[in-house]
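Just so you know, residue 1 is the first one in the sequence shown, and it goes up from there. When reading the values below, keep in mind they use all heavy atoms of this one structure, side chains included, and skip hydrogens, waters and symmetry mates.
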Amino acid sequence: MIDATIKITVPPEKRKEFLQTLRASLDPIRQEQGCLSCSCYVDIEAENTLFFREEWRTSEDLENHVRSVIFCVLVGAMSLLEKPPEIRFSTIASTVGVEAIQAIRNSSTAEPGSFSLTNHRRLNGKSPQAE
């Protein structure tokens with residue numbers, strides 16, 4: 001899975017217009033092949049800082065998206081901002097949920113910093129490839 005996060009700082013006078021552009025792009029992006037999710041978030045401590053987050057099944061799906069018309073619209077909108085966006089692509093090999101918190105909190109003998117996702121999956125009878 002590929003996680004794409006764009007941090008955008010928008011001038012207050014352009015915030016409403018920019019949010020409308022982002023809102024209009026959500027559904028078309030969600031319909032693209034390989035899109036697992038697409039969301040926009042506002043920083044609660046800095047209302048003019050927005051986070052646009054996408055999750056893609058494969059790098060090929062992300063590459064096709066970057067070549068799409070809707071992505072070109074987003075790039076065009078971001079090019080009008082005073083501050084360039086911060087863009088980060090992260091490859092995610094596996095994920096765990098609340099069971100990881102429980103395993104860490106219940107492991108009284110483990111040393112701090114010794115928790116491993118691989119070990120956690122083995123403890124729960126799952127192989128790393130199963131996720």
Side-chain angles (χ1 to χ4, degrees):
M1 179 172 66
I2 312 296
D3 179 81
T5 304
I6 304 172
K7 179 181 177 185
I8 307 160
T9 303
V10 183
E13 67 275 7
K14 294 184 180 182
R15 184 176 187 271
K16 183 178 179 181
E17 180 182 359
F18 203 85
L19 281 171
Q20 289 173 337
T21 300
L22 293 177
R23 187 175 292 120
S25 68
L26 292 173
D27 282 335
I29 292 172
R30 290 174 182 148
Q31 299 304 313
E32 291 184 41
Q33 181 177 333
C35 180
L36 301 174
S37 71
C38 180
S39 302
C40 182
Y41 305 96
V42 176
D43 186 328
I44 63 170
E45 295 181 312
E47 68 178 17
N48 293 321
T49 299
L50 312 172
F51 293 90
F52 196 78
R53 184 167 183 257
E54 304 168 340
E55 292 179 326
W56 296 92
R57 184 169 287 117
T58 67
S59 58
E60 182 180 343
D61 293 329
L62 173 62
E63 290 171 16
N64 289 333
H65 168 61
V66 169
R67 292 183 190 104
S68 72
V69 172
I70 194 67
F71 191 80
C72 289
V73 169
L74 292 175
V75 169
M78 289 184 289
S79 71
L80 300 174
L81 300 175
E82 298 166 4
K83 182 179 177 185
E86 296 175 30
I87 301 173
R88 184 180 65 228
F89 299 107
S90 304
T91 302
I92 301 171
S94 65
T95 59
V96 294
V98 70
E99 68 275 8
I101 296 169
Q102 293 167 345
I104 292 168
R105 293 182 58 85
N106 292 335
S107 178
S108 60
T109 59
E111 291 187 32
S114 66
F115 182 78
S116 152
L117 292 177
T118 303
N119 290 340
H120 175 67
R121 286 194 303 267
R122 284 191 193 128
L123 289 173
N124 286 311
K126 298 178 186 175
S127 69
Q129 292 80 22
E131 296 182 26

Whether R30 side chain and C38 backbone form a donor-acceptor pair below 3.5 Å: yes
Sidechain-backbone polar pair: S68 side chain, N64 backbone, donor-acceptor under 3.5 Å: no
Neighbour count >12 (heavy atoms, 6.0 Å) for atom CD1, I44: no
Residue E63 excluded, over 12 heavy atoms near CD under 6.0 Å: yes
Within-4.5 Å side-chain heavy-atom neighbours: T49 and K7: yes
Minimum heavy-atom distance between T5 and R53, given as atom pair plus value: OG1-CG, 4.1 Å
Heavy-atom neighbours of E60 CD exceed 12 at 6.0 Å: no
Close side-chain approach of I70 to H65, heavy-atom, < 4.5 Å: yes
Any donor-acceptor pair under 3.5 Å from E45 side chain to D43 backbone: no
Considering all heavy atoms, the nearest P85-I6 contact: CB-CG2, 3.8 Å
Pairwise side-chain contact, P11 with L81, heavy-atom cut-off 4.5 Å (strictly under): yes
W56 vs C35 side-chain heavy atoms within contact, under 4.5 Å: yes
Minimal non-hydrogen separation, R15 against V42, with atom names: NH2-CG1, 3.6 Å
pair F52-L26: side-chain heavy atoms closer than 4.5 Å: yes
Exceeds 12 heavy-atom contacts within 6.0 angstrom, atom CD of E82: no
